[in-house]
Amino acid sequence: MDHLDVLEQKSVHILREAYASFGNLCMLWSIGKDSTVLLWLARKAFFGHVPFPLVHIDTHYKIPEMIEYRDRLAMEYKLYMVYGENADAIREKRTFPDGNVSRVDCCRLLKTEALKNTLSGEWPRYRLNLDTGKYELDTNTAAYTGVIVGARSDEEGSRSKERYFSPRDKNNDWNVDDQPPEFWNQFKTDFAPNTHIRIHPLLDWTELNIWEYIQRENIPTVSLYYNHGDGKRYRSLGCAPCTAPICSESKNVQDIIEELRSGALAGIAERSGREQDKEDGGGLETLRRDGYM
């Protein structure tokens with residue numbers, strides 16, 4: 001059994017444990033490489049069927065290819081695909097691209113607030129109709145109290161403080177100093193009422209592991225990750241106005257694996273192109289304490 005088999009089996013175990021332990025479960029799908037690997041693992045864990053909704057928070061500033069890719073795979077895999085949004089902030093132009101708030105405040109409005117209210121069912125959710133390919137108002141407004149997320153501990157500092165089963169309070173607020181110990185693959189899954197649970201099956205995976213697994217499994221990914229002749233590619237995907245590509249000649253998955261193994265990206269943060277992370281010291285941890293992904 002190689003290292004990818006070990007990682008895969010542990011992630012599948014965590015996914016099945018989450019499904020057995022928590023009701024009203026959903027999985028966040030950001031359309032990036034990590035959450036797409038997570039989707040692939042969920043399909044493996046449940047024999048080709050994903051038994052819970054996939055939730056995407058649409059800021060309306062994603063690169064168009066990302067949305068096309070989301071809907072194409074959702075139709076192909078027959079997913080219960082849902083998106084949520086902060087319609088008021090978008091309509092009132094309380095966004096960074098409109099010049100009215102900072103990047104961090106834009107993330108708080110379009111991602112954190114939208115996520116909280118989508119998970120709680122207080123704001124409308126829109127579900128993909130697999131017959132028509134169109135989104136319609138979802139009549140299911142029950143709160144999702146368990147949320148599977150594709151966070152990796154090596155990606156960004158605050159994520160290294162997570163647990164596989166990470167409790168939040170009823171408002172999705174994260175107390176970093178009050179996380180349960182997880183020793184010898186023993187996970188706490190019994191929590192007090194009104195506890196919101198984030199589940200992190202990819203916590204032990206590295207960026208290199210993700211790309212090795214994508215190659216092994218031939219997982220379809222957004223072409224934005226690859227250089228198409230201009231010497232640039234995206235290493236991490238987010239909203240178009242706040243995400244920049246890196247200089248790279250990697251044109252396919254094997255090139256990216258070799259680039260990572262060579263050390264060419266050593267000392268360069270994976271999210272170095274994500275401008276909201278830089279806007280203030282600890283900005284992302286501040287957002288994540290309040291419920292950000």
Side-chain angles (χ1 to χ4, degrees), residues 1-57 70 73-74 76-82 115 118-119 128 140 142-155 159-168 172 174 179-191 195-221 288 293:
M1 186 184 305
D2 68 13
H3 68 292
L4 292 180
D5 291 324
V6 173
L7 289 169
E8 178 187 73
Q9 290 191 14
K10 185 169 187 177
S11 296
V12 165
H13 170 68
I14 291 168
L15 284 162
R16 290 174 175 166
E17 188 73 16
Y19 185 64
S21 301
F22 305 111
N24 294 328
L25 196 64
C26 73
M27 191 177 96
L28 298 186
W29 187 23
S30 70
I31 318 169
K33 62 187 187 302
D34 301 320
S35 60
T36 300
V37 163
L38 188 59
L39 170 58
W40 190 267
L41 289 164
R43 295 177 72 235
K44 277 202 168 187
F46 302 104
F47 308 100
H49 171 64
V50 181
F52 35 74
L54 274 288
V55 175
H56 178 239
I57 300 304
R70 176 195 72 186
L73 256 62
E76 180 181 341
Y77 295 164
K78 305 299 181 186
L79 301 174
Y80 185 153
M81 184 72 230
V82 172
L115 178 62
T118 298
L119 295 180
L128 181 63
N140 176 15
Y144 300 132
T145 53
V147 184
I148 302 169
V149 184
R152 302 185 346 258
S153 61
D154 77 321
E155 182 184 7
R159 291 185 167 113
S160 66
K161 302 175 184 179
E162 291 282 13
R163 299 290 188 267
Y164 293 107
F165 294 88
S166 180
R168 267 72 168 164
N172 284 273
W174 179 39
Q179 296 292 295
E182 293 179 332
F183 300 126
W184 305 293
N185 287 336
Q186 299 299 306
F187 309 122
K188 178 178 174 61
T189 58
D190 55 325
F191 294 95
T195 302
H196 176 89
I197 306 298
R198 298 280 177 92
I199 300 108
H200 302 104
L202 298 183
L203 212 55
D204 282 343
W205 294 58
T206 66
E207 182 182 10
L208 177 58
N209 295 151
I210 291 291
W211 284 110
E212 290 173 331
Y213 192 72
I214 287 169
Q215 182 182 58
R216 189 182 85 171
E217 301 289 309
N218 196 27
I219 300 172
T221 51
R288 298 193 75 247
M293 293 169 280

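These numbers come from the heavy atoms of this one structure, side chains and all, not from hydrogens, waters or symmetry mates.
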Q. Going through the distances and angles, do Tyr144 and His196 end up as a side-chain contact (heavy atoms from CB on, under 4.5 Å)?
A. CA-CA 8 Å; Tyr144 300 132; His196 176 89; 5.7 Å; no
Under a 3.5 Å distance rule, please check whether [X] uses its side chain to pair with a backbone N or O of [Y] as donor and acceptor.
X      : Y      : value
Thr206 : Asn209 : yes
Arg198 : Gly146 : no
Ser30  : His56  : no

Taking side chain as C-beta onward, heavy atoms only, is [X] less than 4.5 Å from [Y]?
X      : Y      : value
Ser166 : Ile197 : no
Asp34  : Val37  : no
Val147 : Leu28  : yes

Within this structure, what is the [atom1]-[atom2] distance for the pair [X] and [Y], rounded to the nearest 0.5 Å?
X      : Y      : atom1 : atom2 : result
Met27  : Ile199 : CE    : CD1   : 11.5 Å
Tyr164 : Leu202 : OH    : CG    : 10.0 Å
Leu54  : Cys26  : CG    : SG    : 9.0 Å
Leu115 : Ile57  : CG    : CD1   : 5.0 Å
Thr36  : Trp40  : OG1   : CH2   : 11.0 Å
Lys44  : Glu217 : NZ    : CD    : 3.5 Å

Q.
For Arg43 and His49, which I'm curious about, is there any donor-acceptor pair between the side chains at under 3.5 Å?
A. no
Q.
Under 3.5 Å, is there a donor on one side chain and an acceptor on the other for Trp205 and Ser153?
A. no
Q: Go through Lys10 and Asp5 one step at a time and tell me if the salt bridge (Lys or Arg N to Asp or Glu O under 4.0 Å) criterion holds.
A: CA-CA 9 Å; Lys10 185 169 187 177; Asp5 291 324; over 6 Å; no
Q: Assess whether side-chain contact (heavy atoms from CB on, under 4.5 Å) is satisfied between Met81 and Leu73, documenting all intermediate values.
A: CA-CA 10 Å; Met81 184 72 230; Leu73 256 62; over 6 Å; no
Q) Has Tyr19 got more than 12 heavy atoms of other residues, nucleotides or ligands less than 6.0 Å from its OH? A) no
Q: Show your reasoning for whether side-chain contact (heavy atoms from CB on, under 4.5 Å) applies to Trp29 and Leu79.
A: CA-CA 11 Å; Trp29 187 23; Leu79 301 174; 4.1 Å; yes
Q. Between Leu203 and Arg152, does a side-chain contact (heavy atoms from CB on, under 4.5 Å) hold up when you go through it step by step?
A. CA-CA 4 Å; Leu203 212 55; Arg152 302 185 346 258; over 6 Å; no
